Amino acid sequence: KVYQYIYRKKTTSKLQIVQELQMGLSTVSQNLNLLEQEGLIEKNGFFESTGGRKANALQIVSDFKISIGIGILKGMFHITAVDLYGNAFYTDTIPLPYSNTPDYYKQVTDAVKEFISSRQYDNDKVLGISIATQGITSPDHTSVLYGDIMNNAGMKLDDFSRYLPYPCYLEHDSKSAAFLELWNHPELDSAVIILLNRNLGGGIITNHQIHQGISMHSGTLEHICINPDGPLCYCGSRGCLETYCSANALEQAAGMPSKEFFPLLREKKSPQIIQIWKDYLNHLAFAMKNLNLVIDAPIILSGYLAPYFTEEDIEYLTEHLHTAAPFILDKTQILVGTNGQYTPAIGAALHYVEKFIHSNLLRYAALHQLTAPQFIRRRLALLLIQVSPLPLLLYATCLLYVRNSSFHYSVSCLSAFFCISYSSRFMRAAIIRAANKQSIITAIIRIKTILSVILSISQKLIMEFPKCRLK
């Protein structure tokens, strides 16, 4: 609860947490200490003083964990890595024609492992690997059921996961793109996403969820027929929206790549280029008008072509949307994505980020791949270094007394332990490290070996209290 609050606020203070969550100060302090010890949050500067001591500015460690997304296309694949806020800090495009062979899947996964090793990330830093592919996936996201574009029907999640020591997930690229747009616009309850990639795609958001449908093909608006006598689509039908509004269709009409087409378009010197773009927008506006009749919600233009759209283009779409339309879609309800060709890969990577942010401590332990005893020992060690001195002294003395059968020796060790645990961050870190793999007793005794000087002082102090010695 505290972590999720800090995550939402991005920067906050202890007092704000107490007031907003209506929790006790000691409870909040204990939570913050635990989160800081785990490395989940950090102090980053101070708030302005309101008369007293400046409050620490608290925020999550956004790169505490990362997630990796792969976007599979017919002639290439994309790799992206995102932090816990979904910010893509790494993107790359690798040319590699798709083939349903072990060699292909190994080359893709090797590229992922090379990225991870180049950054020297530990395995437990990576939440998981999500694959977004052109093709409709099965309800359990383990295989591709329909994949005419890439001829990848039958592709299995296991084709990738067998080479990766991380959790893996498979998703339709259009649904991944829709998830990214929902992530970027959390205020939206419903929306229609038009994925303007090399091949057109779409997604439907209802009740703040990606609508999958009975057969997982909800949102495949690319196959809406807008001209029964139009060009042949890869699905076998004619006049599908795919043949008019995909990036491939635009490039075919222009006879040049998009990155060359748009600079010429913006110069406004070629009537032919301008007319090609108007034809494209007219077909897009026609589709948007009909989609808005079915789903009364904002429309998001996403994917490869989206960053090329200007304010003038949105104005043109709005004007033509309202031609012979019974209802008006306000210009503010037409949104434009900003992640371009990497949209599906980034959206796929967010799958594991979302799971992590909304997980509880037990699921966090599972992600850490800790056994139940390791998880309990870790939590107990963290608890021991935060409780009051008396319970700490009594509990740990009993543990050492049972092990060593010497009250004198036990109290000596614990005196040193007590002194250092409250004055040294090194002690706390050492307890946590030791507790990951060993028992609490072993952790304490291990630390004791580096405190011989303090032990000697403690023993001399105890010698002055003969009543405490075991006769």
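Only this structure's heavy atoms are used, side chains among them; waters, hydrogens and symmetry mates stay out. Model, not experiment: these values are computed from the prediction.
At least one donor-acceptor pair under 3.5 Å links the side chain of Ser138 to the backbone N or O of Thr142. Between the side chain of His78 and the main chain of Ile94, no donor-acceptor pair closer than 3.5 Å is present. When atom types are taken as modelled, the side chain of Asp83 and the backbone of Asn87 share a donor-acceptor pair closer than 3.5 angstrom. At distances below 3.5 Å, not a single donor-acceptor pair connects side-chain atoms of Lys289 with backbone N or O atoms of Leu284. In this structure a side-chain-to-backbone donor-acceptor pair under 3.5 Å is missing from Gln341 to Gly303. Asn197 contributes a side-chain N or O that, together with a main-chain N or O of Tyr304, makes up a donor-acceptor pair within less than 3.5 Å. When atom types are taken as modelled, the side chain of Tyr280 and the backbone of Cys245 share a donor-acceptor pair closer than 3.5 angstrom. Under a 3.5 Å cut-off, the side chain of Ser190 and the backbone N or O of Thr206 do not form any donor-acceptor pair. Put simply, the side chain of Asn31 gets close to the backbone of Thr27: a donor and an acceptor are under 3.5 Å apart. A distance-only check finds no donor-acceptor pair linking the side chain of Ser143 to the backbone of Lys156 [under 3.5 Å].
Using cut-offs of 30° and 60° for the angle between ring planes, the Tyr85 and Tyr7 rings count as parallel. Ring orientation note: the planes of Phe262 and Tyr308 are close to parallel, at an angle under 30° on the 30°/60° scale.
Taking 4.5 Å as the limit, some side-chain heavy atom of Leu170 sits within range of a side-chain heavy atom of Val144. With contacts defined as side-chain heavy-atom distances shorter than 4.5 Å, the pair Ile205/Ile210 qualifies. The shortest distance between side-chain heavy atoms of His351 and Phe179 does not fall below 4.5 Å. For the pair Leu58 and Ile17, the minimum side-chain heavy-atom distance is below 4.5 Å. Under the 4.5 Å side-chain criterion, counting only non-hydrogen atoms from C-beta, Glu42 is not in contact with Phe64. Residues Thr343 and Glu181 form a side-chain contact, since some pair of their non-hydrogen atoms from C-beta on lies under 4.5 Å apart. Within the 4.5 Å cutoff, the side chain of Leu301 has heavy atoms near those of the Leu196 side chain. Using a 4.5 Å cut-off on side-chain heavy atoms (C-beta onward), His172 and Thr133 make no contact.
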I'd like to know whether Gln59 forms a side chain to side chain donor-acceptor pair (under 3.5 Å) with Lys10, so could you lay out the CA-CA distance, the side-chain angles of the two residues, the decisive distance to 0.1 Å, and finally the verdict. CA-CA 6 Å; Gln59 61 184 29; Lys10 295 192 175 178; over 6 Å; no
Please step through side chain to side chain donor-acceptor pair (under 3.5 Å) for the pair Tyr98 and Asn152, ending with a clear verdict. CA-CA 8 Å; Tyr98 172 75; Asn152 64 334; 5.3 Å; no
Set out, in order, the CA-CA distance, both residues' side-chain angles and the distance that settles side chain to side chain contact (heavy atoms under 4.5 Å, CB included) for Ser161 and Leu164, then state yes or no. CA-CA 5 Å; Ser161 63; Leu164 294 167; 5.6 Å; no
Under the side chain to side chain contact (heavy atoms under 4.5 Å, CB included) criterion, do Ile194 and Met288 qualify, and how do the steps go? CA-CA 9 Å; Ile194 303 179; Met288 292 170 66; 3.8 Å; yes
Could you give me the CA-CA distance, side-chain angles and deciding distance for Tyr169 and Leu157, then say whether side chain to side chain contact (heavy atoms under 4.5 Å, CB included) is met? CA-CA 7 Å; Tyr169 182 75; Leu157 177 62; 5.5 Å; no
Before giving the answer on side chain to side chain contact (heavy atoms under 4.5 Å, CB included), spell out for Ile68 and Ile116 the whole-Å C-alpha distance, their side-chain angles and the decisive distance to 0.1 Å. CA-CA 9 Å; Ile68 295 174; Ile116 294 171; 3.7 Å; yes
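A salt bridge links Lys331 to Glu311: at least one charged side-chain nitrogen sits closer than 4.0 Å to a carboxylate oxygen. Between Arg266 and Asp313 a salt bridge is recorded (basic side-chain N to carboxylate O distance below 4.0 Å). In summary, Asp110 and Lys113 engage in a salt bridge, as defined by a charged side-chain N under 4.0 Å from a carboxylate O.
Closest non-hydrogen pair, Pro344 versus Ala132, comes out as O-CB, 3.7 Å.
Side chain to side chain, Asn248 and Ser246 fail the donor-acceptor criterion of an N or O pair below 3.5 Å. Side-chain contact annotation: Gln134 with Asn199, donor-acceptor N/O pair under 3.5 Å present.
For the pairing with Tyr105, the ring-ring contact (aromatic ring centres under 6.0 Å, His included) check across Tyr163, Phe160, Phe77 returns one residue only, Phe160. A side-chain hydrogen bond (donor to acceptor under 3.5 Å, both in side chains) with Thr12 is found for exactly one of Lys9, Gln16, Lys14, namely Gln16.
Residue-environment remark: CD (Glu312) stays at or below the threshold of 12 foreign heavy atoms within 6.0 Å. Crowding of Lys54 atom NZ: a count of heavy atoms from other residues, nucleotides or ligands under 6.0 Å not exceeding 12. Residue Glu260 qualifies as enclosed at atom CD: its count of foreign heavy atoms under 6.0 Å is above 12.
Separating the CD atom in Glu20 from the OG atom in Ser13 is a distance of 9.5 Å, to the nearest 0.5 Å. With values rounded to the nearest 0.5 angstrom, Ile129 atom CD1 is found 7.5 Å from Ile131 atom CD1.
Two rings, from Phe115 and Tyr90, have their centers less than 6.0 Å apart.
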